[in-house]
Amino acid sequence: MSISKTYQPKEAEDKWYKYWLDNGFFRSVPDEREPYTIVIPPPNVTGVLHMGHMLNNTIQDVLIRRARMQGKNACWVPGTDHASIATEAKVVAMLKERGISKKDLTRPEFLSYAWEWKEKYGGIILEQLKKLGASCDWDRTRFTMDDDLSDAVIETFIHLYNKGLIYRGVRMVNWDPAGKTAVSDEEVIRKEVNQKLYYIQYKVVGGDSHLTIATTRPETIMADAAICINPNDERYTHLHGKSVTIPLIGREIPVILDEYVTMDFGTGCLKVTPAHDLNDYELGQKHNLPVIDILNDDGTLNENAQILIGEDRFIARKKIATLLETAGSLEKVEDYKSQIGFSERTDAAIEPKLSMQWFCKMEEMAKPALDYVLEGDIKLIPDKFINTYRHWMENVKDWCISRQLWWGQQIPAWYLPNGQFVIAKTAGEALPLAIEKTQNPALTTQDLRQDEDVLDTWFSSWLWPISVFDGFKDPNNADINYYYPTNDLVTAPEILFFWVARMIMAGHEFRGQVPFKNVYLTGIVRDKLGRKMSKSLGNSPDPLGLIEKYGADGVRVGMLLSSPAGNDLMFDEKYCEQGAGFANKIWNAFKLIKGWEVDDSLSNPNGIAIEWFGNRFSEALKGIEDDFANYRLSDALMGTYKLVWDDFCAWYLEMIKPVYLQPIDRTTYTQTIKFFEDVLKILHPFMPFLTEELWNDELFGQRAESDKCIVAQMPQSGQMNTQLTSELEVVKQIIADIRNTRNSKQLSPKESLDLMIKANSGIDFNKYQPIICKLGNIGELTLVSDTVEGASSFLVGTDEFYIPLGETIDVAAEIERLTKEIGYQQGFLKSVMGKLGNERFVQNAKPEVVANEQKKKDDAEAKIKSLTENLNRLAN
RNA sequence: GGGAGCUUAGCUCAGCUGGUUCAGAGCAUCUGCCUUACAAGCAGAGGGUCACUGGUUCGAACCCAGUAGCUCCCA
């Protein structure tokens with residue numbers, strides 16, 4: 001193959017992804033190996049790849065590829081969820097473009113359009129993940145509305161209903177008047193909004209006086225059920241037991257007393273509107289107030305309002321202000337800021353609304369789900385999220401699981417003519433239950449009407465780790481028994497509660513087991529200014545564009561470079577650039593090795609270099625393994641980065657590199673190729689494409705068809721000679737000091753120098769002579785037993801080094817340098833002596849700490865001694 | 001209003017059980033080099049009152065209390 005000057009990712013990426021796919025490298029079937037399983041957090045089927053997915057899936061792919069190379073049976077299950085609200089919104093929009101209105105369609109007609117949409121546009125995101133290199137077992141791709149998964153949802157509903165954990169009830173829900181559905185608290189986005197506070201006068205019945213309330217929602221006065229004041233509020237004692245009339249409509253409502261009212265907010269008089277405010281609802285329940293709902297599902301006023309019927313709530317607000325003013329009931333209007341909820345999907349202002357919904361009781365299921373986490377059966381990474389998790393689980397609220405939509409699993413509740421209902425999977429199964437319940441044998445399936453609503457999408461996805469392995473249809477099948485519980489889940493903290501926690505509940509309820517052992521929580525990908533990436537800000541780069549520009553490997557490295565678990569990632573394209581630069585560095589190391597000719601007649605001059613790198617590799621690998629074990633992925637990557645760039649390229653290759661166009665000996669060549677192979681292996685989880693491309697080069701000889709980097713056996717750290725690696729750190733320092741000496745004396749690196757070493761530490765420098773000479777460009781290296789006069793000198797540890805520079809030595813500068821160094825060492829010695837002179841330190845500190853201080857003292861004294869000697873000689 | 005978390009170099013972050021010359025890394029910056037693998041590079045250098053104030057301790061970036069600022073969650 002011809003070697004290009006820089007690495008060209010595009011070709012390698014397409015080629016190798018196809019190869020892996022076609023040859024079943026991502027495929028997993030149960031066998032005797034240890035399983036390692038990840039289920040993907042199913043992206044929204046309407047979704048397109050964004051930076052959050054890039055981060056999340058890069059992490060999953062790194063974990064799964066590493067496990068695969070560790071010899072585990074790695075299975076990454078991909079799929080999508082049906083995202084009822086988002087998808088239905090897209091389908092409605094599509095129909096609108098075709099001039100079709102949803103309300104003119106029957107449910108089956110609408111659903112066939114929805115499936116058409118899903119088949120055509122759904123799951124684009126999965127194709128995009130392939131560009132990133134995601135090694136999912138695509139044969140296992142699932143969708144939360146697949147027949148089997150839907151069956152599981154329905155059966156789960158029936159099971160929980162029969163257990164008494166699902167009930168129907170009137171509740172205040174977050175109503176989205178644009179989507180005409182209830183949405184969960186989590187789907188409501190709170191924003192600070194500029195509003196107006198209207199001060200409205202209500203006439204007190206039986207007198208001329210009035211009271212004034214302050215409200216941001218004057219259009220709801222027609223729904224008022226009472227005025228509430230604090231019983232301790234002395235301004236209003238005269239109102240106790242009185243009634244007032246609502247302006248414009250003249251309805252009479254009581255004045256009630258409750259300490260709930262804050263005296264210093266507004267006027268201290270609170271209008272109580274149970275149908276349209278959660279707090280008012282609770283207050284209304286407490287005081288037995290009637291509930292008067294004046295709003296239609298679409299946010300317009302209904303007959304109960306008596307006036308402005310049919311007007312939208314916001315228009316009604318403006319109009320009623322005018323009406324009140326005309327009637328003389330509007331005292332004043334003030335500007336006011338407050339938090340308002342908006343629908344995540346439609347951006348409509350959320351309307352608190354009473355409606356009949358289905359609920360799932362949480363308290364009973366939350367308990368074991370909390371215990372799994374508290375007892376460590378499930379680890380949250382980072383563990384700071386345990387507190388949040390506990391707080392939520394201890395204050396859990398029942399889960400509203402119904403949605404007023406068609407796209408999703410229809411609730412298996414069947415209503416009877418008399419208003420009762422039964423729960424069953426089909427009308428056929430519902431009928432006998434209905435007959436039994438009503439004692440009316442004349443009933444037919446024609447008399448049954450299924451609930452119109454569908455279940456919350458999370459009611460599907462909480463089953464995901466079980467349902468993707470058919471654990472409901474066939475609870476004892478080979479897959480579920482083998483792959484479940486899964487190992488790691490990688491997701492965002494935002495959905496810790498309504499997805500992760502509920503999966504844990506489902507895992508316990510339906511399998512008696514945790515669904516996964518570790519939950520890795522990623523942060524939010526923000527722009528470099530710290531803003532959340534969003535379409536409206538336009539601050540998100542196009543992920544596929546990034547891959548095009550920097551290569552998938554470069555982007556993967558970029559994503560991981562600065563994203564510790566649980567921390568937000570301040571994304572900057574520079575990270576991808578760094579990743580691409582790293583890929584290029586590896587490419588060039590390859591080019592160097594590839595260019596060597598072997599001469600079998602040469603002996604190996606690189607014994608120490610080879611021995612050193614072998615040990616250094618093991619040492620660095622130990623750290624990397626430790627980082628992985630603790631899910632410190634960016635640290636593991638940085639450890640790998642430095643091992644490859646610094647140790648392998650900058651030091652090892654420089655040590656052994658033959659002079660230009662000179663051949664290399666066989667041993668060094670073979671060893672270096674082996675090292676490079678190991679380097680490719682540890683890089684593979686981070687940079688799968690480049691490593692596979694190089695792995696298959698003829699440099700490594702003929703490989704078997706199955707011998708691919710993706711399944712190569714990950715090296716493991718073993719025994720290592722730490723004396724060698726730490727001595728080499730000294731050698732590196734010597735070389736750096738030689739280079740520094742050259743630098744400060746303005747000498748060319750090409751000019752060879754001599755080096756004399758007065759070894760005091762016991763290091764055998766003869767051993768390192770070839771390395772020092774080669775990298776420091778030293779002509780002659782000699783070991784001496786006395787200090788050398790007229791030479792530039794430096795200290796590494798306690799060893800002394802001299803470079804004779806003849807006439808060129810600048811005595812004054814050298815004296816200054818030595819004096820400064822002595823000063824520093826004396827200061828250091830003083831601080832050490834301070835500790836050692838402190839009796840309480842010597843008594844209380846651990847013996848090894850004290851011994852260490854003693855050693856520091858000895859070293860400092862030795863250094864000062866030799867520095868002083870040098871100084872004295874120069875001064876003479 | 002309640003709860004959780006954060007604050008270390010210009011930027012993004014490590015710093016694990018308080019103890020090694022512990023104040024670190026990467027990037028950025030500055031200086032010098034086109035030395036035939038790589039200028040997407042090489043060789044060096046500078047840069048910090050560890051938010052602030054107290055306390056505990058022989059010893060604090062680390063433990064405790066308070067203050068300030070920021071973020072998130074719940075209301």
Would you tell me if any nitrogen or oxygen in the side chain of A:Trp645 comes within less than 4.0 Å of OP1 or OP2 on B:rC27?
no

P-based separation of B:rC6 from B:rU17 [nearest Å]:
14 Å

Is there a side-chain contact between A:Lys657 and the phosphate of B:rA37, meaning an N or O under 4.0 Å from OP1 or OP2?
yes

What does B:rU12 pair with, Watson-Crick or G-U, if both distances are under 3.5 Å?
B:rA25

Please name the nucleotide paired to B:rU57 by Watson-Crick or G-U wobble geometry with both distances under 3.5 Å, or report none.
none

A:Phe571 atom CZ is separated from B:rC27 atom C1', nearest whole Å, by 14 Å

Using both distances under 3.5 Å as the test, list the Watson-Crick or G-U wobble partner of B:rU7, or none.
B:rA68

note: A:Asp647, atom CG; B:rA25, atom P; distance rounded to Å ~ 14 Å

Whether A:Phe613 and A:Tyr652 hold their rings parallel, tilted or perpendicular, with breakpoints at 30° and 60°:
tilted

For atom C1', what is the distance between B:rA9 and B:rG3, given to the nearest Å?
33 Å

Looking at every strand, decide which applies to A:Glu751 at a 4.0 Å heavy-atom threshold: base, sugar-phosphate, or nothing.
nothing

Counting only Watson-Crick pairs (N1-N3 plus N6-O4 or O6-N4) and G-U wobbles (N1-O2, O6-N3), all under 3.5 Å, who is the partner of B:rG44?
B:rC30

To the side chain of A:Ala845, which of B:rG3, B:rA37, B:rC58 is closest?
B:rC58

With rounding to whole Å, what would you report as the distance between B:rC34 and B:rG41 at their C1' atoms?
9 Å

Any side-chain donor paired with an acceptor under 3.5 Å for A:Glu800 and A:Asn760?
yes

Using whole Å, report how far CZ of A:Arg390 lies from P of B:rG3.
14 Å

Using a heavy-atom cut-off of 4.0 Å across all strands, would you classify A:Asn387 as base, sugar-phosphate, or nothing?
sugar-phosphate

Please measure how far the C1' atom in B:rG66 lies from the corresponding atom in B:rU56, and state the result in whole Å.
15 Å

Which part of the nucleic acid, if any, lies within reach of A:Trp596 when heavy atoms closer than 4.0 Å are counted: base, sugar-phosphate only, or nothing?
nothing

Rounded to the nearest angstrom, tell me the gap between atom CD in A:Gln578 and atom P in B:rC38.
21 Å

Minimum-distance nucleotide (side-chain atoms of A:Asp635 versus B:rA14, B:rA37, B:rC74)
B:rA14

Do any N or O atoms from the side chain of A:Asp627 and from the backbone of A:Leu633 form a donor-acceptor pair under 3.5 angstrom?
no

Identify the two heavy atoms, one from A:Leu560 and one from A:Val62, that lie closest to each other, and give their separation to 0.1 Å.
CD1-CG2, 3.7 Å

Nearest-angstrom distance, C1' atom, B:rC73 to B:rA61
28 Å

Please check the phosphate of B:rC27 (OP1 and OP2 only) for any side-chain N or O of A:Lys642 closer than 4.0 Å.
no

Span that lies between the P atom of B:rC64 and that of B:rG18, in whole angstrom:
11 Å

What is the distance, to the nearest angstrom, from the CG atom on A:Leu560 to the P atom on B:rU12?
19 Å

B:rC13 phosphate, OP1 or OP2, under 4.0 Å from A:Tyr575 side-chain N/O
no

Ignoring hydrogens and geometry beyond distance, is a side-chain donor-acceptor pair present between A:Asn56 and A:Thr522 at under 3.5 Å?
no

With a 4.0 Å cut-off on heavy atoms, is A:Ala736 in touch with a base, just the backbone sugar-phosphate, or nothing at all?
sugar-phosphate

With a 3.5 angstrom cut-off on both distances, give the Watson-Crick or G-U wobble partner of B:rC38, or none if there isn't one.
none

Can you check the A:Asp737 CG to B:rG44 P distance for me, whole Å?
9 Å

Result for 5'-nearest mapping on RNA chain B, choosing between A:Phe582 and A:Asn740, is A:Phe582

Just checking A:Glu654: base, sugar-phosphate only, or nothing, at a heavy-atom cut-off of under 4.0 Å?
base

With respect to the phosphate group of B:rC58, does any side-chain polar atom (N or O) of A:Asn844 fall under 4.0 Å of OP1 or OP2?
yes

If the plane angle is over 60° it's perpendicular, under 30° parallel, otherwise tilted; pick one for A:Phe498 and A:Trp458.
perpendicular

Does A:Met638 or A:Thr6 map to a spot on RNA chain B nearer the 5' end, using the closest nucleotide for each?
A:Met638

Using the six-membered ring wherever Trp is involved, compare the ring planes of A:Trp645 and A:Phe582 and label them parallel, tilted or perpendicular (cut-offs 30° and 60°).
parallel

What contact category does A:Lys835 fall into here, base, sugar-phosphate, or nothing, at under 4.0 angstrom with non-hydrogen atoms?
nothing

In whole angstroms, the gap separating C1' of B:rU35 from CG of A:Leu747 amounts to 15 Å

Write down the distance separating the C1' atoms in B:rA25 and B:rC50, rounded off to the nearest Å.
16 Å

Within the supplied structure, the quantity of interest is the number of heavy atoms (other residues, nucleotides, ligands) at a distance under 6.0 Å from A:Lys591 NZ; does it exceed 12?
yes

Which whole number of Å gives the distance between the P atom of B:rG5 and that of B:rC63?
12 Å

Could you let me know what B:rG1 is paired to, Watson-Crick or G-U wobble, both distances under 3.5 Å, or none if it's on its own?
B:rC74

If the cut-off is 4.0 Å, is A:Lys585 near the phosphate of B:rC42, judged by side-chain N/O to OP1 or OP2?
yes

Within this structure, what is the CG-to-P distance between A:Asp568 and B:rA4, rounded to whole angstrom?
20 Å

